[in-house]
Amino acid sequence: MAQQDERTAERTPGPWDEAPDFLAHWVVKTARRREMTEWYATVFGARVVHEDSELTFLSWDHEHHRLALIGVPGFVRFLFPFARYRRKIYGVDHLAVQFLSIEKLLDTYERLKGRGIDPVWAINHGPTTSLYYEDPDGIRLEFQVDNFSTIEETAAFFGTEAFEKNPIGTMFDPDYLLARLRRGDDPADLLVPGAGTPPGQKPRTNKKTITWKTL
């Protein structure tokens, strides 16, 4: 495995004329608009590009907006007390965002931990090393870095015997992985499944990684 190289531009030309160019934004109906705004400001460095009595538009890059929050009355969340758990059983499970290096992923982990925001799941899937977070409404976001230098190599891993035997991955201790980075270990070595398992501990793999928290 190798350190992640610079990814190509988001609007890369290709033979996929029928597909969209990129994911532009998502929209959430929420009774926690202030908490959601503050969370995305902390996690993504999001800025408010528009706000009124009903809507908040947020962006964190070149796009005019990446997330829109539609405010609903606070009592609505009490009408659907188990809404945040729906994704554990049915429907959209999570959104994934890409990081270009394991260093940036772990720097983000360290920064957010200092703000009291911890991942609900840390797992090396084989193709990616991923940290899963949940926003105040329980929407799950995967922060991932590819474990191979090119998109082609990462895609090829899905066809390997290793992925067939363990399609879910190997859990890791992000603090241990961060400690390895800080002591000067080669970042490429941190992308290998099992690299984040502290000495003396047995790696938890595949279906053994699934709990109510990680589901």
Exam field: side chain Asp146 to backbone Phe148, donor-acceptor pair closer than 3.5 Å: no

Worksheet item: Is the side chain of Arg140 donor-acceptor paired with the backbone N or O of Tyr133 at a distance under 3.5 Å, no angle test?
Response: no

task = Please work out which of the three classes, parallel, tilted or perpendicular, describes the rings of His25 and His65, given edges at 30° and 60°.
result = tilted

Please output the side-chain donor-acceptor pairs of residues 195-203 that fall under 3.5 Å, not counting sequence neighbours, one pair per line with the distance.
none

The residue among Asn166, Thr170, Asn147, Thr205 that forms side-chain hydrogen bond (donor to acceptor under 3.5 Å, both in side chains) with Asn124 is Asn147

When you look at CZ of Arg77, are more than 12 heavy atoms from neighbouring residues, nucleotides or ligands closer to it than 6.0 Å? yes

Does Arg182 CZ have over 12 foreign heavy atoms under 6.0 Å away?
yes

So the side chain to side chain donor-acceptor pair (under 3.5 Å) pairs with at least one residue in residues 83-96 (sequence neighbours excluded) are Arg87-Asp93, His94-Glu142

Give a yes or no on whether Ile210 and Phe163 share a hydrophobic cluster (residues Ile, Leu, Val, Met, Phe, Trp, Tyr; joining criterion: side-chain heavy atoms under 4.5 Å apart). no

Under a side-chain separation threshold of 4.5 Å, the hydrophobic residues clustered together with Phe78 are none

The reported gap from OG in Ser130 to CZ in Phe99 (rounded to nearest 0.5 angstrom) is 10.5 Å

Asp185 meets the salt bridge (Lys or Arg N to Asp or Glu O under 4.0 Å) criterion, sequence neighbours left out, with Arg180, Arg183

Sorted by chain and residue number, the salt bridge (Lys or Arg N to Asp or Glu O under 4.0 Å) partners of Glu164 (sequence neighbours excluded) come out as none

In Trp121, Tyr109, Phe143, the residue satisfying ring-ring contact (aromatic ring centres under 6.0 Å, His included) with Tyr132 is Trp121

Tabulate below the donor-acceptor pairs under 3.5 Å that side-chain atoms of residues 44-52 make, not counting sequence neighbours, or state none.
from	atom 1	to	atom 2	distance (Å)
Arg47	NH2	Asp61	O	3.1
His50	NE2	Asp52	OD2	2.9
Glu51	OE2	Thr56	OG1	3.1
Asp52	OD1	Glu54	N	2.8
Asp52	OD1	Leu55	N	2.7

